[in-house]
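Worksheet: the structure to be examined is printed underneath.
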Amino acid sequence: MNEHSPVREIKGIGEKTEMLFQKMGVYTAGDLLRYYPRTYDIYEAPVPVSELEEGTVAAVEGCVFGSVQVSPNRKLQTVSALIRDLTGTLKVLWFRMPFLRNTLRSGSRIIVRGRVVNKRGGLVMEHPEIFQPVEKYQEKLNTMQPVYPLTAGLSNLTVMKAVREALEHIHLQRETIPESIRQRYHLCEYNYALRGIHFPADKTMYMYARKRLVFEEFLEFLLAIRQMKEEKETSVNGCRMEKKQEVDDFLSQLPFELTNAQKKVWKEIRKDMQGDYTMSRLVQGDVGSGKTIVAVLALLEAACNGYQGAMMAPTEVLARQHYQSVCEMFEKYGIPFRTELLTGSMKAKERREAYERIETGESQIIIGTHALIQEKVNYRNLGLVITDEQHRFGVRQREALAKKGNMPHILVMSATPIPRTLAIIIYGDLDLSVIDELPKDRLPIKNCVVDTGYRETAYRFMKKQVEEGRQCYVICPMVEESEAMEAENVIDYSTMLSERMGPEVTVGYLHGKMKQTQKDEIMEKFAQNQIQILVSTTVVEVGINVPNATVMMVENAERFGLAQLHQLRGRVGRGAFQSYCIFMTASRAKETKKRLDILNHSNDGFYIAGEDLKLRGPGDLFGIRQSGLMEFKLGDIFQDAGILQMAAEAASSEEIREFPVYGRADRDNIHVL
Ligand SMILES: Nc1ncnc2c1ncn2[C@@H]1O[C@H](COP(=O)(O)OP(=O)(O)OP(=O)(O)O)[C@@H](O)[C@H]1O
């Protein structure tokens, strides 16, 4: 067996399990080895009852206090007991384990380990593991059990067993990092790293393993970037465009004047499209800074020059939103070009018709999702491709779209204001334009960080805003275990809120498991103010533009990364109304307070990103991922900024240039891309 063998060849994996693995993108044994744990369950030392925190998994050592009760409910038989230590008493519940009544003796010492939840205002530990005699806990103390991303039917144990088998029997790939580089940056060997990431003996092993794998991930990425840069430097502009008066006329009719920053960026783009070389430009701008209109101007200029322009959005909801706003603008100002929407959820017939209009050139502007790069889409003369930074890591996909034209111009839009030093490393192949100014009419968002006791006040405040004609978002806590649970959570919350708000307020909800048509319907209703409060998961994070919305309330704000919270906040404050952001948190941890304070005191994304970077020490390995920004498998450009710097140095070293694995011919073997 080697890395390319199908997972089926691993002992213990049958047809059914193979299908489940495939659903998770695991086809070969190599894929399985790179199917890294989502997190680790660490058996930490027991904590005093008084220090337990809601929502965490913890161990407590104490004595069983009083008698053990069994609930009469037949459906879900519950055993409850009280565990007492010097600092307090904790209620503990077990489900469907009635026999515990006979084994848990009053007064006996015990360690229980499980999730602490809040039930009717008090903390309760649910269904914990039992360690009795307490010495048994010693064997587990400080061990790290991998927790894998799962799907219905695929258990953590199954994945663990399969990975263990694979690690034992596979002859692993050759080393991909030259020894001299490994020594310079203290990186462990590939074999050790793989074992360490799946089954670390302790935190130190895990940290070494992770460092090595993150380094490799960054290195491969940076080398691909370098190659693209080299290609770009030699690519002569095959889609040379001229400045078109129609675009200036369109601009002068808009209800607002471009900000100086927008004007500057638009000038740079225009100059590129007329220049000697093909454009590859990144437009970076804070939330709400008005990137979309700049993209529209570029699309229009391409169309006026007889080329097609395509814009790829990261989600269907966003693609539709862009499509609608472009259609409305073009209609309003009498622009004669046809705009096409292309998404994965379109019916086959609709899609076929769209393909035809794209192929014949009847449609000049094409907006969509990944569907834009499907094999069946043939463009007549694609001259400009606009993508979102979220596709950034799909460098291959970007290339795929570019190949559909004759070296079209490329514009990448980024809503994540990362510090310039990082941007230069990550976007090394692109020229950088920054929109560093918000439209004039904006009032700064008012922020507050509050504890859950403020919830009722927040609801009253939202109701008042709705009465004034405004709209609100509520972001529900993430549920990591499964999307299905997350959906349930959102639905429950919106039912509760709807009852709380009364019949005059319409509350809607949005979550990742909904069908595309349902999502579109809800977004449309929200855009039309037929829904006043939208309860949602982070699906609304990127790009949604409803300028009438003025309140963003984020539950469990401590669970999100700063960049993500800033993105969420960016959904309000997009019009002339005063907007508010309420970060709600139950956590009293100092670190949480520090992080949220940064947001509380600044609305400037660049500043926040810089502070975020400062707050993260190298020890912060289990920190919150900055999701939404470049989906590296393990690496996080914020958290791992130090490793990124090392990888950037290594990427331009002689050793790497001479190392065969990274030669051009082998590039297809680079698995991360
Ligand atoms: N110069 C301007 N003056 C006034 N309003 C503007 C200006 N430019 C854009 N807008 C408006 O500001 C709102 C936000 O713009 P847009 O959606 O382009 O933001 P964005 O930069 O894409 O933000 P995000 O990254 O959050 O999606 C839109 O309603 C847009 O019409």
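Counting starts at 1 for both ligands and their atoms, following the listed order.
Numbered from 1 in the order shown, with element, the atoms of ligand 1 that lie under 4.0 Å from a heavy atom of T259 read 1 (N). Less than 4.0 angstrom separates some heavy atom of E257 from each of these atoms of ligand 1: 1 (N), 2 (C), 3 (N). Proximity to T292 (heavy-atom distance under 4.0 Å) selects the following atoms of ligand 1: 16 (P), 17 (O), 18 (O), 22 (O). Close approach of ligand 1 to G290 is summarised as follows: ligand atoms under 4.0 Å from at least one heavy atom of the residue are 9 (C), 15 (O), 16 (P), 18 (O), 19 (O), 20 (P), 21 (O).
Between Y493 and Y509, the ring center distance fails the sub-6.0 Å criterion.
Looking at Q262 against ligand 1, only its side chain comes within 4.0 Å, counting heavy atoms. With a heavy-atom cut-off of 4.0 Å, R442 touches ligand 1 through its side chain alone.
Salt-bridge formation is not detected for the pair K519/E316: no Lys NZ or Arg NE/NH1/NH2 atom is positioned less than 4.0 Å from an Asp or Glu carboxylate oxygen.
Of the N or O atoms in R574, one or more lie within a sub-3.5 Å distance of an N or O in ligand 1. Ligand 1 has no N or O atom lying under 3.5 Å from any N or O atom of V287, backbone or side chain. At least one N or O atom of G288, backbone or side chain, sits closer than 3.5 Å to an N or O atom of ligand 1.
Ligand 1 is approached by R571 to a heavy-atom distance shorter than 4.0 Å. Ligand 1 is approached by S289 to a heavy-atom distance shorter than 4.0 Å.
A donor-acceptor contact under 3.5 angstrom links the side chains of D520 and Q516, judged on distance only. Under 3.5 Å, the side chains of E524 and Q528 contain a donor-acceptor pair of N or O atoms.
Smallest separation of non-hydrogen atoms from L411 and A298: CD2-CB, 4.2 Å.
Of the candidates N545, I544, D286, it is N545 that places a heavy atom closest to atom 28 (C) of ligand 1.
For the pair M523/L534, a side-chain contact is recorded, criterion being any heavy-atom separation below 4.5 Å from C-beta on.
Between the OG1 atom of T315 and the CG atom of L318 there is a distance of 4.5 Å, given to the nearest 0.5 Å.
Applying the side-chain contact (heavy atoms from CB on, under 4.5 Å) criterion to N603, with sequence neighbours excluded, gives P444, I445, N447, R569.
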